[in-house]
Each structure stands twice: as structure tokens, then as C-alpha cells.
2 protein chains.
Amino acid sequence: MSAEEAIFQPVEPVRAYQRVAEQIEERILSGDLPPGSRLPGERELVSQFAVGRSTVREALRVLQSAGLVRSRPGDPLGAEVLGITPDNLSRTLGRLARSHLSTLGELVQFRMVLDAESNRLAARLHSESDLARMAEQIERMETLSAGEAGLHAFSEADALFHQAVAEASGNSLLGLCARAVHDAVVEVIEEKIAVAADATVWMQRSIAHHRQVLAAIRDGDGALAARLGRQALYDYYADRVEEGTRRLLSAALDEE
Amino acid sequence: MSAEEAIFQPVEPVRAYQRVAEQIEERILSGDLPPGSRLPGERELVSQFAVGRSTVREALRVLQSAGLVRSRPGDPLGAEVLGITPDNLSRTLGRLARSHLSTLGELVQFRMVLDAESNRLAARLHSESDLARMAEQIERMETLSAGEAGLHAFSEADALFHQAVAEASGNSLLGLCARAVHDAVVEVIEEKIAVAADATVWMQRSIAHHRQVLAAIRDGDGALAARLGRQALYDYYADRVEEGTRRLLSAALDEE
DNA sequence: ACCAGGAGACTGGTCAGACCAGTTGAATTC
DNA sequence: GAATTCAACTGGTCTGACCAGTCTCCTGGT
């Protein structure tokens with residue numbers, strides 16, 4: 001044996017609230033407590049776990065900050081079990097982004113990779129209903145750009161389009177991450193996307209872009225779909241990222 | 001206006017512990033409280049925030065479960081501020097993976113995408129020191145495979161190699177996510193990687209694979225590096241994922 | 001018979017005070 | 001001077017209390 005193997009693991013103290021949280025989390029993740037179901041009230045949990053209320057509350061706080069449950073004062077049904085949502089992932093990524101640990105350039109580069117691969121896979125694996133959903137979102141964008149609805153609604157349709165693409169790719173994780181990174185980017189730059197003057201032009205260009213992507217996906221041309229996705233992000237963000245990180249975007253731009 | 005815009009936002013109650021947690025988080029993320037620094041003791045926070053101790057503790061619990069601080073009983077210096085670590089991202093992704101919301105196939109497919117793009121970017125952007133670090137890890141793998149060290153140490157070197165690649169790509173996020181997904185995969189399948197008999201063969205093959213990747217990156221051949229990364233994951237996992245999701249891997253396999 | 005309104009029994013959010021076990025560092029002892 | 005002891009902390013937990021909501025159900029008026 002090259003190195004003396006330690007037989008015993010260092011034992012670290014396990015807090016009471018941790019064990020409570022773990023038990024509940026286990027039940028949730030195992031499907032025992034499906035989304036929408038209710039936890040017992042805090043006082044009931046107190047007696048079931050045989051701990052103090054503060055302990056139970058700290059455990060619930062942990063679960064709540066993990067997005068697993070939600071509680072509402074006065075609710076006689078107890079805390080509500082939530083499905084796993086990407087919100088928490090967004091927040092985590094957002095923190096990562098804020099803490100200079102990753103730059104805006106990195107975020108955008110990451111999005112370029114995710115969107116491009118999402119598109120590529122969607123081109124290969126899409127079903128008819130996927131295509132229909134994408135087309136539907138594009139139509140919604142048109143309606144919204146014609147009316148005077150806010151940019152916010154337009155962005156929402158945009159996001160839904162990308163979600164449809166991600167679902168078509170068969171990989172919800174891709175979509176979730178892309179969405180989370182998108183949110184993180186929005187949080188980093190305040191993204192007053194464009195002043196009202198440019199808004200119309202921008203929306204038109206965006207719609208045209210999405211049409212191209214949809215066409216490429218429909219044709220099964222993954223390479224084109226991927227390139228389109230990358231290029232759009234590059235065009236939009238290239239002159240907004242930090243000076244030093246533009247090379248990241250360029251590198252992510254061309255396929256080879 | 002096509003739809004009546006609501007002028008007022010719905011106001012949701014903000015809990016006291018939330019505001020406490022937000023204030024502290026803000027100070028940490030803004031760099032005001034750098035990693036390694038200490039928070040005041042709980043009783044001190046109680047008087048600064050003018051709330052009860054349970055409120056302060058619930059706030060600290062939230063921050064702790066977000067990986068921002070760590071506290072130790074009896075520590076007269078107060079809770080320690082941690083840097084942003086990818087651990088939390090791993091846990092979040094792990095939960096996502098466990099909650100049938102994403103399958104093993106999706107996880108592996110995601111890894112294929114991340115690793116491949118990581119390799120491709122590294123081929124384009126690497127520096128000499130990056131290459132040196134990768135080579136170093138490969139050497140370590142050789143040493144470990146020769147000796148009788150556990151597979152665990154070998155895997156660690158493997159992970160460090162991938163981390164070096166990710167750093168070379170200039171995008172720490174890619175590496176972080178790849179690592180998180182890797183951990184999630186490990187958690188899902190118990191990954192008794194291979195029985196001792198196969199271990200040696202497997203390690204040799206793994207080393208050969210990493211050599212190829214390193215060579216491709218050194219040559220700046222991004223396409224090859226990407227293909228190698230994808231192929232290795234496919235070979236390893238193709239017959240371990242659920243029956244229905246193998247097509248995901250195949251789809252992610254070929255570039256076009 | 002029906003519905004509005006109110007009383008009461010809950011809920012979660014917060015606070016105050018207490019105790020315990022563990023850590024620390026200075027005072028004490030050898 | 002080095003080892004030991006001790007007192008003053010710390011965070012972790014428990015208890016019991018109060019508040020402001022929310023729900024249920026019962027009541028009283030129409």
C-alpha cells in the first residue's frame with residue numbers, strides 16, 4: 001500500500017435541524033410527498049420528530065430556501081410541497097455570476113454553447129408537436145410586436161420558444177440551465193434591453209432569427225441551427241461584455 | 001393598448017429573516033465581507049438587526065444552506081464567510097436529477113455536450129501552463145494506476161484533468177456545471193465503477209483517452225477534442241442508461 | 001331556506017429567556 | 001516556563017408566549 005489508508009472517517013456533528021431536513025427532503029425527492037401535497041403543521045412535526053419548534057423551523061427554512069416547500073402564515077394545511085423548480089438553479093448561478101467568480105462574458109459564452117447544442121439536438125430529435133409549439137411562440141411574438149404590449153411579454157414568448165426547443169431536444173436539463181443562465185445575465189446587466197425607439201426594430205430582427213432557427217430545426221439541419229443560435233447571441237452581446245472576455249465569445253462562435 | 005396593464009405589483013409579505021438574510025448576502029456578494037472574514041456573533045446580530053435570535057438564526061440557516069457561511073459551535077469569532085463554491089450547484093443539480101425530472105440519459109447527454117464544448121474551447125484558447133497542468137494530471141493517473149491506490153484517487157485526478165481543461169477554456173462555469181453533473185451521475189448510479197478485475201484495464205484505457213484529448217487540444221484541433229470527449233462518455237455510459245434514452249446519447253454523439 | 005357576519009380555533013412568524021455542550025484564552029498551579 | 005483549571009463566551013436546542021393572519025363553523029337576520 002503506497003500510503004497508509006485511514007480506516008476511520010472523521011465524524012462531524014450532525015445538527016438536529018439537518019436530520020429533520022434530510023428526512024423531509026428524502027420523502028419529497030423519493031416521490032413520497034408529491035408536489036402539491038402538504039406537510040403536517042409545525043407543531044405536529046415537533047411531536048413527530050421529538051424536537052423543539054425552532055429546530056423544526058430551521059429545517060423548514062432550509063427546505064424552503066432550497067425551493068422544496070413553501071409556507072404561508074395561517075395556512076391550516078401546513079407547508080406546501082413544491083415540485084423541483086429551476087428557480088433555485090437560477091439563483092445559484094446568479095450568485096456565482098455576481099461573485100466575480102464568473103464574468104458576463106463567461107455567462108454569455110455558456111449560453112452560446114447551451115443554446116447552440118440545444119438547437120442542434122432539437123434538429124435531430126424533434127417531433128411534429130414540438131415544431132408546432134415553436135411556431136406558436138413565434139406567432140405570439142408577432143402579435144406582441146404588432147400590439148403595444150411590453151417588451152417583457154415579448155421576452156417571455158422568447159423564453160418559451162427556447163424552452164420548446166429544449167424540450168424537443170429531449171433534455172430538460174439543457175433548457176433549465178439555459179434559462180437559469182439567461183436569468184443570471186439579465187440580473188447582471190440591468191438589461192433595459194433597448195430603448196423604446198429600437199424596440200420595434202429589435203423585435204422584428206428577433207422574429208426573423210427565430211424563424212430561421214425553426215426552419216433549420218424542421219429541416220434537420222443541426223449545424224445551421226446551432227450556428228444561428230450562437231450568432232444571434234454573439235451579435236447581441238458582443239459589445240456589451242467586458243473588454244477582456246470578448247475573445248471567449250469569438251472562440252465559441254465558429255464551429256471549427 | 002391591447003391589454004390593460006396593471007399598474008401596481010402585488011405586494012407579498014417579506015419575512016423578517018428574509019430581510020436579515022438579504023442584507024448579509026448583499027454584503028457578502030458585494031465583496032464587503034470577503035471569504036474568510038467573520039460575521040458577528042448571533043447575539044450581536046440580534047442587537048444590530050433589532051430582531052429576535054430565532055429570526056437571526058433562521059437567516060443564518062438560509063445563508064448556510066446556500067453555502068455562503070459556515071458556523072461552528074463555540075466559535076467566539078462568529079460564522080465564517082465562505083467563498084462561492086460549486087458545491088451548492090452540485091446539490092441543486094443532484095436534486096433535479098433525483099426528482100425523475102431528469103433521467104440518467106439526460107444527465108449523460110448533458111455531460112457529453114459540456115465536456116465536448118469544453119474540450120473544443122480549450123483547444124482554441126489554451127495556454128502553455130494549462131497544457132502543463134493537464135499533462136501533470138495524466139502523469140498522476142499513471143502513477144496511481146501503477147500503484148495500488150484506490151479508484152477514488154484515480155477519479156479525483158480525472159476530475160482535476162477536466163477542471164484544467166475547463167479553466168483552459170476560459171469558462172469556469174463550464175467546468176463547474178460539468179463537475180456538478182458528474183457528481184449527480186455518480187449519485188444516481190452507485191457507480192461501483194467497475195469491479196477490481198476490470199479496474200486496471202479501465203484505467204489504462206482512460207489514460208490513453210486523456211492522452212488523445214490532450215494531444216488534440218495541444219494541436220488546436222477543437223473538433224477532434226470535442227469528438228473524443230463525447231465518444232468516451234458514450235462508450236462508457238451507452239449501455240448503462242435507461243433503455244428509452246439511449247437515442248439521446250446517440251443524437252449527442254455525432255457532430256453532424 | 002339562504003346568506004352575511006362574527007366568534008373561536010387554528011396557523012405560521014416572532015420574541016424572550018433559559019439551559020447545554022463545546023471552545024477559547026487567561027489565570028492559576030506545579 | 002509548562003501544564004492545568006476555570007470562567008466567559010459561543011452556537012444549538014428547548015420552552016412558552018404573543019401576534020397577525022386564515023379557516024371553519026355557528027349564529028342571526030332576511
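Here is how names work: the chains are called A, B, and so on, in the same order as the sequence lines, proteins then strands, and each is numbered from 1. Just the heavy atoms: all of them, side chains too, but no hydrogens, waters or symmetry mates, feed the values below.
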Requested in this report: Check the pair A/S65 / B/S65 against side-chain hydrogen bond (donor to acceptor under 3.5 Å, both in side chains), numbers first and verdict last.
Outcome: CA-CA 7 Å; A/S65 81; B/S65 80; 2.7 Å; yes
Requested in this report: Taking the side chain as every heavy atom from C-beta outward, state whether B/E25 and B/L68 have any pair of such atoms under 4.5 Å apart.
Outcome: yes
Requested in this report: May I ask you to list the residues of residues 45-66 of chain B, by number, that have any heavy atom positioned under 4.0 Å from an atom of DNA chain D?
Outcome: B/R53, B/R57, B/R61
Requested in this report: With B/R61 as reference, evaluate A/E58, A/R15, A/Q18 under the side-chain contact (heavy atoms from CB on, under 4.5 Å) test and give the passing residue.
Outcome: A/E58
**Report entry** Non-hydrogen side-chain atoms of B/L174 and B/L121 separated by less than 4.5 Å
**Finding:** yes
Query - Residues in side-chain hydrogen bond (donor to acceptor under 3.5 Å, both in side chains) contact with B/E42, at least two apart in sequence or another chain - result: B/R53, B/R57
**Report entry** Nucleotides bounding contact with chain B, strand DNA chain D, heavy-atom threshold 4.0 Å
**Finding:** D/dT10 to D/dT13
Query raised in the report: Can you find a heavy atom in the side chain of B/E80 that is under 4.5 Å from one in the side chain of B/L82?
Result: yes
Requested in this report: Cation-pi check, A/R19 to A/Y17: give yes when NZ or CZ is under 6.0 Å from the six-membered ring centre and within 45° of the ring axis, no otherwise.
Outcome: no
Nucleotides 9-11 of chain C: which of its N/O atoms have a protein N/O under 3.5 Å away?
residue : atom : partner : partner atom : Å
C/dT11  : O3'  : A/D75   : O            : 3.1
C/dT11  : O2   : A/G74   : N            : 3.4

Query - Under the side-chain hydrogen bond (donor to acceptor under 3.5 Å, both in side chains) test, residues paired with A/R38 that sit two or more places apart - result: A/D75
Report task. Keeping to residues at least two apart or across chains, list the side chain to side chain donor-acceptor pair (under 3.5 Å) pairs with something in residues 156-170 of chain B. Result -> B/R133-B/E167, B/D158-B/H162, B/D158-B/H210, B/Q163-B/E167
Query raised in the report: Got B/L114 and A/F110 here, is their nearest side-chain heavy-atom distance under 4.5 Å?
Result: yes
